[in-house]
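Read the structure below first, then the notes.
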Amino acid sequence: MTGFRPSLRARPSDEPRLAPRSFDLLCLTMAFVVGVHAPHLPWWLTAGLAVVLVARWQQRRRGGRHPPVWIKVPLIGLLLALIVSTYGTLFGREPGSAFAVGLLVLKLMESERLRDARVGVAFAAFALMSALLFDQSIVATLIVALGIVPAVMTLRSVEEVEPARMRLRVEVMPVLLALVVSIPLALFAFLFIPRLSSPLWGAPTMDRATTGLSDRMAPGDMAEVLTDDTPAMRVSFDGPVPIASSRYFRAFTMTRFDGQAWSPGFLRRDDSVLEGSARFHYRVTLEPTRERVLPMLDMPVTAPTDASMRSDRTALANQRLDKTYTYDATATGEYRLDATLDPQTRRANLQLPANVGPRARAQAAAWVAQFGGNPTAIAQAALAMFHDGGFRYTLAAAPLGRDRIDDFLFGTREGYCEHYSSTFTFLMRAAGIPARVVTGYQGGYWNALGHYLLIRRADAHAWTELWLEGRGWVRFDPTGAVRPERVTLGAAAAAAGDGGDSFFNAAWWRSARDRWDVVNQWWNQAVNGFDSLRQQGLLQPFGIRRAEVGDLAIVLAIGCALLVVVALGWALFQRREGDELDVWMRRLQRKLEKAGVTRRAGEGPKHFMARAARALPDHRNALERLSEVYLRSRYANDEPPPESVSEFSRAVKELRPRRVVK
């Protein structure tokens, strides 16, 4: 078996050197890989690799050789040190891909021979595939597929005798044709190669949610999320659809407050008492979150299959959601939750840290004295203060000081849902009313074409629940007191500051967005959601209820054999077209045949063109020029020069022979 030759060992002197065109295509391939990985690479690494790539390309164009060992080895060590210092490890999805892309570009520094180009292309194809570990959307997949084009062009170029003499268009078309022809085989392999229930690798990833939600909420943390238009989940309803102001999807319920941030308290199994019958039946397709929490329409009645319900109505999946997840659920709009509250839960929802918000506590005490401890009146007084007290809704809120409650309430008076829900909950607890923060999503966009509710990360929201005697936990949304559009029209209208005449509400934009999201939904279900269970049901129309690995292997073998037979038949019986010069010669022959001059069997091009010139005296000069150009292009060079082919094609296009009258 032939092994890889160490990079520091001298190469055989008789190995051909890469032609300039081949090296340029190799640089283009590696630049494409860097561009595909750029969104998740550190900016300094992307910029550094781009500088190395451009410098190496310019050096090669000027005739320079590959850099010496004393430059390459320190660069590899520097790359390794920077990645370990940035990520803390060399293992995992992010550091592994960064190291692979870095090594790929550094490989270019020693790429001088044909073998280097082949190894570099193989490595680039692997790096392109690894980009799908970060994003498997239809756009990302198409971009990765597009990156195969320069890679295959590079391989084709190293096999050419004189690649620089062939026009780039001539090189691209066979590559595109080969990729198109490979689609049936790729589709067949996608359907029938046996899938595992879980991947063979377990590369660690950065443990953070990607839905815009977290199990920690502090005023100011959601600013980046609220401008993210990426889809978080899609919800379809079996029956009636809740009105826009009732579309609250709860995720995390938070009871602990340390003066800076809110977080969930101790979660018990569901021992809450919910009074109310299911009214809404819906199905959720949730994007990967790397969390266990399932957003549920407020108020959830029961937990979905493979999930459990906690005492604060938080639904938790049995495992972390690392891929698209679909679940069915029910909810009720009219309910009473925990009409009675046990002492332990009451204490947990009245807890406040010491020495935080003294002015807010004084304000709450004044309301208690004014309203005689009436919780509903106190809550309405706080909402009226937000509405009439000069508070402003903005995503560009001023930073808060050490005491975030008093600084927001009596200082900046500007912010978004996190600021208002946090401060409102603090005020209610200070007034002796059990209160807790709930985070999730609110609003969403109804896709009329796909008949589902699209929830984006920008729809992330936070609100408050108060416990009222005889009513249980009741939802209050203080953000709606400041900006009602946030609740009735959604996050986009609130951020735009108008009532619905923004760009995002234009009819043409809604229609285009509907259609594109339906495509994304289909992609998630048909491609990203194609797992081992769905694969096992592929053969049900043929009487096989559960396709095992052996069944799939048989179908795969038969299908591959049929594809090979078709490919061989096409290769054996296809018409031999020759090169581009022959194509234009056949076009000239068809023109002359219509004019009455047909090429005889075994007649050479020189004699045929001379006979045509005698038969068509009006076109003698043009035909003699065509004969000269063709003979020079065909027999004076190993391959027809591109400029001669262009000259011959222009002359053929301009020739308009008239039929010979006998």
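The residues of the chain are indexed from 1 along the displayed sequence.
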Any chance you could measure [X], atom [atom1], to [Y], atom [atom2], to the nearest 0.5 Å?
X: L400; Y: Q260; atom1: CG; atom2: CD; value: 9.0 Å
X: Y416; Y: H461; atom1: OH; atom2: NE2; value: 13.0 Å
X: W44; Y: L82; atom1: CH2; atom2: CG; value: 4.5 Å
X: S263; Y: M254; atom1: OG; atom2: CE; value: 7.5 Å
X: L104; Y: S97; atom1: CG; atom2: OG; value: 12.0 Å
X: M30; Y: L108; atom1: CE; atom2: CG; value: 5.0 Å

Looking only at heavy atoms, which two atoms of [X] and [Y] are closest? And how far apart?
X: L49; Y: V105; answer: O-CG1, 3.7 Å
X: V36; Y: A131; answer: CG1-CB, 3.3 Å
X: L453; Y: G444; answer: CD1-C, 3.8 Å
X: S644; Y: S633; answer: CB-OG, 3.0 Å
X: A460; Y: C417; answer: O-SG, 4.3 Å
X: L45; Y: A98; answer: CD2-CB, 3.7 Å

### Message
Applying side chain to side chain contact (heavy atoms under 4.5 Å, CB included) to L185 and C560, what does each step give before you reach the verdict?
### Response
CA-CA 7 Å; L185 179 60; C560 290; 4.3 Å; yes
Do [X] and [Y] come close enough that some side-chain heavy atom pair is under 4.5 Å?
X: I83; Y: L80; result: no
X: P295; Y: L286; result: yes
X: M233; Y: F249; result: yes
X: L79; Y: L103; result: yes
X: C27; Y: R60; result: no
X: I455; Y: P231; result: no
X: L106; Y: M109; result: yes
X: V284; Y: L294; result: no

### Message
Enumerate the ring pair (Phe, Tyr, Trp, His ring centres under 6.0 Å) contacts for residues 107-158, please, sequence neighbours excluded, ordered by first and then second residue.
### Response
H40-F134
### Residues R457 and E287 bridged, charged N to O under 4.0 Å
no
### Task
Would you mind checking if R115 and E110 are paired as a salt bridge, meaning a charged N to carboxylate O distance below 4.0 Å?
no
Partner set under side chain to side chain contact (heavy atoms under 4.5 Å, CB included) for [X], not counting sequence neighbours:
X: W43; answer: none
X: N318; answer: D306
X: L562; answer: I558
X: A553; answer: none

Donor-acceptor list for residues 142-154 side chains, cut-off 3.5 Å, not counting sequence neighbours:
unit_1: T154; atom_1: OG1; unit_2: L25; atom_2: O; d: 3.2
unit_1: T154; atom_1: OG1; unit_2: T29; atom_2: OG1; d: 3.3
unit_1: T154; atom_1: OG1; unit_2: P150; atom_2: O; d: 2.7

### Task
Say whether R292 and Q319, considering side chains only, have a donor N or O and an acceptor N or O under 3.5 Å apart.
no
#### Entry: Counterpart residues, ring-ring contact (aromatic ring centres under 6.0 Å, His included), relative to F32 (two or more places apart)
none
### Task
Applying ring-ring contact (aromatic ring centres under 6.0 Å, His included), name anything that partners Y325, two or more places apart in sequence or on another chain.
Y327
## Note on the structure
Those residues at least two apart in sequence (or on a different chain) that pass side-chain hydrogen bond (donor to acceptor under 3.5 Å, both in side chains) with T46 are none
### Query
Can you name the side-chain hydrogen bond (donor to acceptor under 3.5 Å, both in side chains) partners of R283, sequence neighbours left out?
D328
#### Entry: Donor-acceptor pair, side chain of H37 and main chain of A100, under 3.5 angstrom
no
### Query
Can you pull the salt bridge (Lys or Arg N to Asp or Glu O under 4.0 Å) pairs that have at least one residue in residues 24-37, sequence neighbours excluded?
D24-R61
### Contact list for residues 28-46, test salt bridge (Lys or Arg N to Asp or Glu O under 4.0 Å), sequence neighbours left out
none
